[in-house]
Amino acid sequence: MTEKISSVFKDFAFKDSQLTLLAGPCAIESYDTCAQVAEKIKEITNRLHINYVFKSSFDKANRSSSESNRGSGLEAGLTILEKIKKDFDLPIVTDVHESYQCEPVSQVADVLQIPAFLSRQTDLLLAAAKTGKVVNIKKGQFMAPEDIKSATEKISPITSKILVTERGTTFGYHRLVVDMTGLITMREAGFPVIFDATHAVQIPSAYGGHSGGLRDYVFPLMRAALSVGVDGIFAEVHPNPPKAISDADNQLYLSKIEAILETANQIFQENLASKEARAADGLL
C-alpha cells in the first residue's frame, strides 16, 4: 500500500519509508495556538523522520448547532495558514466545503481535504482535483469501505494525487465504530490510506448542541490501525483540548503527543521491515 505515497507527495519529497502525519488544532482559533502546535510537532517529527503536514480548519461548517463557533473564516484562516506555512516551512492541509473555496484555498494549502459528510459531492471533488493539489477524501460515516472507490474514480481521470481517510462508521445513534478490516478494503481503491484517529472516537451530537468524544480510545485505535498497515495518521492536537472551540473531548494534548508519535513511528517502521523481509523471501 505504501508504494504510491511518494508519487502523491512528490512536491514534498516524501519517502515511502516514512510515516505521514496530518495534525494540528481542529479549528483555527488564533495564529498563536496554531504556531505552538506546529513548532512542537515539527520538532518531534523532524527528530523521528516523520512526514508532517500541518492541519487546521478555517471553517467548521458541519457543527451540530448553528450557535457553535465555526472558526476564523476563509480569509482570516488562509492568512494564518499561509503564515504557519512560511514561518515553519510546513505543507498545509485544510478542509473545503464549497466548490468556490477550492481555488483560493489551493493558493495556500498543499492538500485539500474533503470532509466525510461531503465525500460524495461530485462538484466539490472535481473542483478540488482541478487545482492540481493533493486531495484527501475522508470516507463518509455512512459509506462502506469499498464505496470509497466510487469517490476516487470521480477524480482519478484528473489527478493521481489522492489520499483516502477512514474516520469511523455510524453504528446506530451517536456512536462510531472502526472496522479494521475496512482499512484493508480501502487499499483496493489504489491510493494511500490514512487513519483519522481523533474523529474515529467522536460521539456525534452527544450533548445535543455539540459532539462528545472518547479521547482515551485514540491511542489504542491508532496502534491497531498502524498494525494493520496504514500509510499515515490524521490527528487533531491542541495545547488545551478542553478549551478548544470544537472537538474538545477527542483532540489530543500537545504535551502528550511526543510519546504517542514515538510509539506510532515504531509500529510503522516494524511493519515496513516485516514487509521488506517477506518480499525478500518471496512471500509477497
Side-chain angles (χ1 to χ4, degrees), residues 1-10 12 14-23 50-51 53 55 93 111-116 118-120 125 128-129 133-171 176-200 218 220-235 264-284:
M1 180 169 58
T2 57
E3 64 270 19
K4 293 190 176 183
I5 201 163
S6 58
S7 62
V8 171
F9 286 117
K10 62 183 179 181
F12 311 139
F14 281 3
K15 301 177 181 178
D16 296 341
S17 59
Q18 294 179 341
L19 175 65
T20 292
L21 174 71
L22 286 63
I50 294 173
N51 305 320
V53 185
K55 182 271 170 187
V93 54
V111 184
L112 274 58
Q113 184 162 275
I114 308 298
L118 302 177
S119 54
R120 292 178 61 179
L125 287 164
K133 297 303 179 81
V134 177
V135 180
N136 181 27
I137 307 174
K138 284 195 167 185
K139 180 182 74 62
Q141 301 93 323
F142 46 85
M143 292 169 62
E146 58 268 25
D147 293 342
I148 196 66
K149 190 173 183 179
S150 296
T152 62
E153 287 177 344
K154 290 180 179 181
I155 63 173
S156 57
I158 300 173
T159 181
S160 62
K161 297 192 287 187
I162 301 171
L163 303 175
V164 294
T165 295
E166 169 64 289
R167 58 142 298 159
T169 301
T170 300
F171 183 73
L176 300 173
V177 297
V178 178
D179 176 5
M180 291 296 165
T181 65
L183 296 170
I184 300 171
T185 302
M186 287 174 67
R187 294 178 185 175
E188 297 173 5
F191 300 99
V193 177
I194 309 295
F195 177 61
D196 182 343
T198 47
H199 282 111
V218 172
L221 284 177
M222 185 188 299
R223 293 198 306 266
L226 286 163
S227 296
V228 169
V230 294
D231 297 289
I233 292 295
F234 177 103
N265 194 47
Q266 180 180 356
I267 297 171
F268 179 85
Q269 293 299 331
E270 288 173 351
N271 273 350
L272 185 65
S274 175
K275 179 179 179 180
E276 291 174 349
R278 294 196 304 272
D281 291 339
L283 300 177
L284 289 179

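Only a predicted model underlies this, so the values are computations on that prediction, with no experimental measurement involved. Nothing fancy with the numbering, it's 1 onward along the sequence.
Judged by distance alone, with hydrogens and angles left aside, the side-chain atoms of T165 form no donor-acceptor pair with the main-chain N or O of D196 at under 3.5 Å. Between the side chain of S274 and the backbone N or O of E270 there is no donor-acceptor pair closer than 3.5 Å. Side-chain atoms of E166 come within 3.5 Å of backbone atoms of G168 as a donor-acceptor pair (strictly under, hydrogens ignored). Between the side chain of N271 and the backbone N or O of L226 there is at least one donor-acceptor pair closer than 3.5 Å.
The minimum heavy-atom distance between Q269 and S17, with the atom names listed, is NE2-O, 2.9 Å. K139 approaches P145 most closely through the heavy-atom pair CD-CA, 3.8 Å. Considering every non-hydrogen atom in both S156 and F191, the closest pair reads CB-CZ, 4.2 Å. Across all non-hydrogen atoms, the minimal contact from V53 to V111 is CG1-CG2, 4.5 Å. In terms of heavy-atom proximity, F268 sits nearest to Q18 at CE2-C, 3.4 Å. When all heavy atoms are compared, the tightest approach of A116 to R167 is CB-CD, 3.4 Å.
Contact of the T20 side chain with the D231 side chain is not registered, since no non-hydrogen atoms from C-beta on lie closer than 4.5 Å. Using a 4.5 Å heavy-atom cutoff, the side chains of N136 and I114 are not in contact. Residues F195 and L221 form a side-chain contact, since some pair of their non-hydrogen atoms from C-beta on lies under 4.5 Å apart. When side chains are defined from C-beta on, K133 does not count as touching T159, because their heavy atoms never get closer than 4.5 Å.
One distance of note links NE2 of H199 with NZ of K138; it measures 4.5 Å at 0.5 Å rounding. How far CD of E146 is from CD of E188: 8.0 Å, rounded to the nearest 0.5 Å. Note that NZ of K154 is 8.5 Å distant from OG of S119, once rounded to the nearest 0.5 Å. For the atom pair M180 CE and S227 OG, the distance stands at 9.0 Å (nearest 0.5 Å). In this structure, CD on Q113 lies 4.5 Å from CZ on F234, to the nearest 0.5 angstrom. The CZ atom of R120 lies 7.5 Å from the CG atom of D147; values are rounded to the nearest 0.5 Å.
Residue-environment remark: CZ (F142) exceeds the threshold of 12 foreign heavy atoms within 6.0 Å.
Exactly one residue among V193, V228, D179 makes a side chain to side chain contact (heavy atoms under 4.5 Å, CB included) with I184. That residue is V228. When each of V164, T181, V230, I194 is paired with M186, the side chain to side chain contact (heavy atoms under 4.5 Å, CB included) condition holds for V164 and for no other.
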